[in-house]
Amino acid sequence: MNEIEVTDLRDAVRRLCADFPGAYWRALDRERAYPTDFVQALTRAGWLSVLIPEAYGGAGLGLGAATAILEEIHRSGCNGGACHAQMYTMGTLLKHGSERQKEAYLPKIAAGELRLQAFGVTEPTAGTDTTRISTFARREGDKYVVNGQKIWISRAEHSDLMVLLCRTTAREDAKKPSDGMSVLLVDMRAAVGRGLTIRPIRTMLNHATTELFFDNLEVPVENLIGVEGQGFKYILDGMNAERVLIAAECIGDGRFFIDRASAYAKDRKVFGRATGENQGVQFPIARAYVQLCAAALMVEKAAALFDAGLPCGAEANMAKLLASEASWYAADQCIQTYGGFGFAEEYDIERKFRETRLYQVAPISTNLILSHVATHVLGMPKSF
Ligand SMILES: Cc1cc2nc3c(=O)[nH]c(=O)nc-3n(C[C@H](O)[C@H](O)[C@H](O)COP(=O)(O)OP(=O)(O)OC[C@H]3O[C@@H](n4cnc5c(N)ncnc54)[C@H](O)[C@@H]3O)c2cc1C
C-alpha cells in the first residue's frame, strides 16, 4: 500500500470508530459485555480479513496495513482486543493447513460467516513453559479424543472455531520437549456441551477471557492442521504476527493517552493558568511522545520484515516490549495530567489505563522477551 492508501485506510477506520464512542465502551465495561456491534461493524467493513489472501476472499494486504487498522482503533479509544485474533489466528491455517482446509474455512472467515477468534495455548500448570502443556488428544480411529484444561482463552464464547495446541505424545515420550504437540481446529459450535465447557474469568479489564475444560471432546482427524507432532513450530510461526499487531494496539493506546493528556493540559486552569504551561506537566507528556515514536519505528520495522518474508522474531518481540512499555508510561502520565479526573470513569482514561496494562503480560511477558533477546540475539547462556 502506498502512503495515500494507508492514510485513506486510517481515515476510514477512524470514521467507523467514531460510531463507538466512550459511552459505548463504558457501558460494556461495567457489565463485562462483549462489543458485538463493534466487531460486526469491523467485520462488515472487511477490516478483520485484510491478511487473508485475495484468492480466499480477503484483501490480501500485509501486516503494515493491519497494524494501521489496530493502531487507529486504539487511538480512537476503542479496543481491538475483542477481535484482533480474527486477523491473525487464521495464519496457522493459511501457512500450515491443507488446501482442502483452506478452501473450507478461509473464504467463510473472510466473508465474516465464520469467526476464528480463539487461540488455545496457555494452561494453568504450564504457564509460559508451553512444552509442559498436558491437554492430550488421543487418536481413536478417525477422531481425536481431547482431555485437559486451558486458561486465559479469550473470545472462546464469541468464536465458531478455535486453534488448539495439545499434546499427541507425552513430553517424556517425545524426542525433544517441543515435539509431540499438535494443532487441532476445534468447531466450537459442535464442541460446547459435548466435551467442552467454557467458564468465563472476570478480570480487571473487559476481555472476554475464559477457562476451558475438555472431557472426552471428539475432534475429527481431518481437523488436524499440518503434521501430527509438529504443532509447536506452527504456533511459534504465528506469534510474530500476533506480537507486531498487539504492539500496534499499544502504539494506538499511547497516542490516545498523549492526545488526551496534551489537550487536557492546555485546557485545565489551576493557579490562574493552564497546567500545561508548567514544564513539570509538559515534560512527562513530551517524553511519552518521544518514547512512543521510537517504539512505533520498531513496530514499522518488524511489520516490514514480516511482509518481506524475512526473519523478524527479534524485531517483533522488541516492538511488543517497547510499545507496551511506551503505552504504559503514556497511560501513567495521562492519569497524572488529569489529576483526580483521571480516575473518573467518564473520561475513559482509567479504562484505557487498565486495558493497556495487559500487554506487558500477554501474549508474552516482558521477561520472556528479554530472555529471547539475551539468548537468541546476544548469544548469552540460556537460563531455562
Ligand atoms: C486477559 C488475558 C488474555 C489472554 N488470552 C490468551 C489467549 O487467548 N490464548 C492463550 O493461549 N493465552 C492467553 N493468555 C495467556 C498469556 O499469554 C499468559 O498469561 C502470558 O503468556 C504469561 O503467562 P502466565 O500467565 O502463565 O505467567 P507465568 O508463566 O506463570 O509467569 C508469571 C511471571 O513470571 C515471569 N517468569 C516466568 N518464568 C520466568 C523466567 N524463567 N525468567 C524470568 N521471568 C519469568 C513471567 O515473565 C511473568 O511475569 C491471556 C492472558 C490474559 C491475562
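Just follow the structure's listing: the first ligand is 1, and inside any ligand the first atom is 1.
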Contact between ligand 1 and Thr203 is defined here as a heavy atom of the residue under 4.0 Å from a ligand atom; is it met?
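Thr203 does not count as a contact of ligand 1 under the 4.0 Å cut-off.
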Under 4.0 angstrom from ligand 1, any heavy atom of Pro363?
yes
Between [X] (side chain only) and [Y] (backbone N and O only), is there a donor and an acceptor less than 3.5 Å apart?
| X | Y | value |
| --- | --- | --- |
| Arg139 | Thr168 | no |
| Thr210 | Ile153 | yes |
| Tyr56 | Tyr105 | no |
| Ser182 | Gly229 | yes |

Does the protein put any heavy atom within less than 4.0 Å of [atom]?
| atom | value |
| --- | --- |
| atom 32 (C) of ligand 1 | no |
| atom 42 (N) of ligand 1 | no |
| atom 23 (O) of ligand 1 | yes |

Residue and atom name of the nearest protein heavy atom (relative to [atom]), distance in Å to one decimal:
| atom | result |
| --- | --- |
| atom 47 (O) of ligand 1 | Ser365 OG, 2.6 Å |
| atom 6 (C) of ligand 1 | Trp152 O, 2.5 Å |
| atom 52 (C) of ligand 1 | Leu358 CD1, 3.9 Å |
| atom 10 (C) of ligand 1 | Thr122 OG1, 3.3 Å |

Under a 4.0 Å threshold between the charged nitrogen and the carboxylate oxygen, would [Y] count as salt-bridged to [X]?
| X | Y | value |
| --- | --- | --- |
| Arg14 | Asp11 | yes |
| Arg357 | Glu355 | no |
| Glu71 | Arg10 | yes |
| Asp160 | Arg115 | yes |

Need the ligand 1 atom indices (1-based, order shown) with element for anything under 4.0 Å from a heavy-atom of [X].
| X | answer |
| --- | --- |
| Thr209 | 3 (C) |
| Gly127 | 26 (O), 29 (O) |
| Ser154 | 3 (C), 4 (C), 5 (N), 6 (C), 7 (C), 8 (O) |
| Val121 | 11 (O) |
| Phe384 | 41 (N) |
| Val361 | 20 (C), 21 (O), 22 (C) |

Hey, is ligand 1 close enough to Phe119 that some N/O pair sits below 3.5 Å?
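Min N/O separation from ligand 1 is below 3.5 Å for Phe119.
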Enter the distance from Met162:CE to Thr89:OG1 here, rounded to the nearest 0.5 Å.
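Spacing of CE (Met162) from OG1 (Thr89) equals 11.5 Å.
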Report all side-chain donor-acceptor pairs from residues 242-253 shorter than 3.5 Å, counting only partners two or more places apart or in another chain.
from, atom 1, to, atom 2, distance (Å)
Glu242, OE2, Tyr88, OH, 3.2
Arg243, NH1, Asn317, OD1, 2.9
Glu249, OE1, His84, ND1, 3.2
Glu249, OE1, Tyr359, OH, 2.7
Glu249, OE2, His84, ND1, 2.8
Asp253, OD1, His74, ND1, 2.8
Asp253, OD1, Lys352, NZ, 2.8
Asp253, OD2, Thr356, OG1, 2.8

Between Tyr264 and Tyr347, how do the two ring planes meet: parallel, tilted or perpendicular, split at 30° and 60°?
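Rings of Tyr264 and Tyr347: perpendicular, as their planes differ by over 60°.
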Closest candidate by heavy atom, reference atom 44 (N) of ligand 1, pool Thr128, Asn367, Leu368
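Residue with the shortest heavy-atom distance to the ligand atom: Asn367.
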